[in-house]
Protein chains: 2
Amino acid sequence: MLSTARVTIRDVAKAAGVSVSTISKVMNNRDGISEETQRRVRAVIEELGYVSSESARSLRAARTGVIGVLIPDFEPYASEVLKGIARALNGSPFELMAWSGGAGRDATRGWERQLVARLAGSVLDAAILVAPSVTSLPFDSFPMVAVDPHEGPGYLPNVRADDREGARLAVEHLADLGHVRIGFLGGRKDLASARERERGYRDAMRAHNLDVDEDLVVRGDYSRAGATEPARTLLTCADRPTAIFAANDLSALRVIEMADELGVDIPGEVSLVGFDDIPESLRSEPGLTTIAQPMIDIGSEAALLLLQLMAQEEPPERDIKLPTRLVVRESTRVLRP
Amino acid sequence: MLSTARVTIRDVAKAAGVSVSTISKVMNNRDGISEETQRRVRAVIEELGYVSSESARSLRAARTGVIGVLIPDFEPYASEVLKGIARALNGSPFELMAWSGGAGRDATRGWERQLVARLAGSVLDAAILVAPSVTSLPFDSFPMVAVDPHEGPGYLPNVRADDREGARLAVEHLADLGHVRIGFLGGRKDLASARERERGYRDAMRAHNLDVDEDLVVRGDYSRAGATEPARTLLTCADRPTAIFAANDLSALRVIEMADELGVDIPGEVSLVGFDDIPESLRSEPGLTTIAQPMIDIGSEAALLLLQLMAQEEPPERDIKLPTRLVVRESTRVLRP
DNA sequence: AGCCTTTACGAAAACGTTATCGATATCGAT
DNA sequence: ATCGATATCGATAACGTTTTCGTAAAGGCT
């Protein structure tokens, strides 16, 4: 049982007294093999515990039956989207693989371009790209769907939240609480979502006749670490804002940590709103008021869209935008003068 | 740019006017290639946008630089563990891949056995198995670590929670609240964790001089769907228990749904404790009292252990057991007669 | 009996890489 | 000028599959 060498299709062929091609045909349920031979071959396969090598199969075969999700990192947002994708693919004939290549060496040309090139057509039959940052991809016949992509509609078929409206909800909530000096901590500038949320922020500020102090507009990269300096800037600047809208929850959670370090009370001195409603936001102290986006549904919709693309069907909608909603917890409070 | 055919190493060789071997050597930073040639080759690679095919490379090369996490499904528990693994692997030279093959056709011989056989040695350099159910795996030289495995210590190097103690905490909590008729909804019987939690339940019942009514001991499979019938049994049986300890949160959440359907009030009529403390438990109505296990830490520890194994180091401990703790929310209440 | 179709199987060529090893060319030393 | 060492590169054989195509045998038909 504890064999060190892999048992190959050749071993099976030899043991069964037939050719390699026959084994392959049996494995893939091709016809042209007699019942009798099939039985014998299957018995040998079972006995030797033969399983075909994925890389060899991928290399040769046209289809692999696996759908890949390419993500920058296994962070909370991607994890939730993944759950949704898995749910939608459950019962389909496809296997699901998630590959995180963000930290890879060659970030210059876009991690997703590299990953797609490496995996497309051989390892993968199709892919869902989460937060891709490149404009074009060198593959036309390869089915792909983007979630929270770089470009807006028109680029790849994509699924996203209504980022602008969500941002508007966030600012409106703060304005309703009486806040005037509202700072903004932005996200990865290469993503449409970050730009849209900033637009929503500016729209809503204007709609409420509030001035945008450009000193209070800073940007991170959606990651926890990337939010450190922007958060410090906002919390320590001369005329500190009384409220902050962070473009995603991970950044907002970093603001909470920084505030704690700096002795700034949230929501006593500063109110804070995030975006996403990742599970972690529920556990923070104080609980984070945030704009919830339906991450699981986004994943499911993306998977469904991809399935349609793979079936050569023209999907009814190639730019799917899902609604957000405000979730009020403890990180926001009425401004007291 | 929109080329339909893949650009192979041969194309690059032709374009650069050198042999295929030279391209390969440049790609892999082997020496024996002059600076001058390297520059020219790299330029062509850049120009053509060449990226080597993962499957071809996997097939031939000894190492791939990829660590795989094999999970039955992208459900909350596995997702949290994945976050921990990703965190520990961040900064390491390895890429991370998660493959979900549980739903695969051939569940008979154990999904992880199939997956390992398919991926080991070619696609993957090493693997972390989450909740594997097989006793032995046909690979000795392939580094593997199990999380929440079938067997207890001695099988594969593994990381797990202190399941028995956790279960004890759960029952003790219910007993302290005055409950006597305490039901148990078990998990996948092929996993050690499920057996340990049941043992912990029985231990604690005995320790509190409570009888275990075998009619109140039912079993699911840790999944939401699998908990449906056991949950119904417990909630509709003649002499209904006043409290239920579910072996994991997913099952507990199903109990909440069932109770809602059946018009049973939680915690008014039945108290409920889960196990895991997955993010979803925080959002349930009522909030689920549960035994928290450090899923992220479990993932990190597993990754660290795997790294040691891959470096041929003998790890200080091959059976890592992490502590649990009781988290009281709203699904449990003092028994009122 | 002759011919054509069908069935069952095998030989061999891919798939795109990496690794081994041999072949030049260059150079310094005798 | 000869020799041996060193640098640079290319042919070629793998890696483990799938697929195409050919072939032999068997069967059905006139």
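What you see is a predicted model, and the numbers here were worked out from it, not measured in a lab. Reminder, nothing fancy here: chain letters follow the sequence lines and each chain counts from 1.
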Inset, instruction - Measure from CD on B:Gln38 to C1' on D:dA7 and round the result to the nearest Å. - result: 13 Å

Inset, instruction - Report the distance from atom NZ of A:Lys14 to atom P of C:dG10, rounded to the nearest whole Å. - result: 14 Å

Inset, instruction - Mind checking salt bridge (charged side-chain N to carboxylate O under 4.0 Å, His left out) for A:Glu314 and listing every partner two or more places apart, or none if nothing turns up? - result: A:Arg318

Inset, instruction - At under 4.0 Å between heavy atoms, which parts of nucleotides 16-25 of chain D does protein reach? Answer with one letter per nucleotide, 5' to 3': B base, S sugar-phosphate only, - none. - result: BBBB------

Inset, instruction - Look at A:Thr37 and C:dC9 and indicate whether a side-chain polar atom (N or O) is within less than 4.0 Å of OP1 or OP2. - result: yes

Legend entry - Nearest-Å distance for atom pair CD/P, residues A:Glu35 and C:dA8: 9 Å

Inset, instruction - Tell me, please, which residues at least two apart from B:Ala127 pass side chain to side chain contact (heavy atoms under 4.5 Å, CB included). - result: B:Leu70, B:Leu124, B:Leu129, B:Phe142, B:Met144

Legend entry - Residue pairs, two or more places apart or on separate chains, that pass salt bridge (Lys or Arg N to Asp or Glu O under 4.0 Å) and touch residues 119-132 of chain A: A:Arg63-A:Asp125

Inset, instruction - Applying side chain to side chain contact (heavy atoms under 4.5 Å, CB included), name anything that partners B:Val44, two or more places apart in sequence or on another chain. - result: B:Val12, B:Ala15, B:Ala16, B:Leu48

Legend entry - A:Glu47/A:Arg42 salt bridge by N-O under 4.0 Å criterion: no

Legend entry - Any residue meeting salt bridge (charged side-chain N to carboxylate O under 4.0 Å, His left out) with B:Glu317, in chain and number order, not counting sequence neighbours: none

Inset, instruction - Please list, chain by chain and in numerical order, all residues satisfying salt bridge (charged side-chain N to carboxylate O under 4.0 Å, His left out) with B:Arg188, sequence neighbours excluded. - result: B:Asp190

Inset, instruction - Sequence neighbours left out, what passes side chain to side chain contact (heavy atoms under 4.5 Å, CB included) with B:Ser58? Give chain and number order. - result: A:Ser55, B:Glu54, B:Thr64

Between the protein and nucleotides 5-7 of chain C, list the N/O to N/O atom pairs that are separated by less than 3.5 angstrom.
none

Inset, instruction - Output every pair passing salt bridge (Lys or Arg N to Asp or Glu O under 4.0 Å) with a member in residues 80-91 of chain B, not counting sequence neighbours, ordered by first then second residue. - result: A:Glu280-B:Lys83, B:Glu80-B:Lys83

Inset, instruction - Considering just the side-chain nitrogens and oxygens of B:Thr22, establish if one lies under 4.0 Å of OP1 or OP2 belonging to D:dC9. - result: no

Legend entry - B:Glu36 CD to D:dA7 P, straight-line distance once rounded to whole Å: 18 Å

Inset, instruction - Would you kindly give the CG-to-P distance between B:Asp31 and D:dA7, to the nearest whole Å? - result: 10 Å

Inset, instruction - Measure the distance from CD on B:Glu54 to C1' on C:dT18 and round it to the nearest whole Å. - result: 13 Å

Inset, instruction - Compute whether any side-chain donor of one residue and acceptor of the other, for B:Ser21 and B:Ser24, lie under 3.5 angstrom apart. - result: no

Legend entry - Complementary nucleotide for C:dC15 - Watson-Crick or wobble, under 3.5 Å: D:dG16

Legend entry - Qualifying residues under side chain to side chain contact (heavy atoms under 4.5 Å, CB included), relative to A:Ala302, sequence neighbours excluded: A:Ile128, A:Val145, A:Val147, A:Val159

Inset, instruction - Taking only heavy atoms on the protein side, list every residue of residues 118-127 of chain B lying under 4.0 Å from any atom of DNA chain C, sorted numerically. - result: none

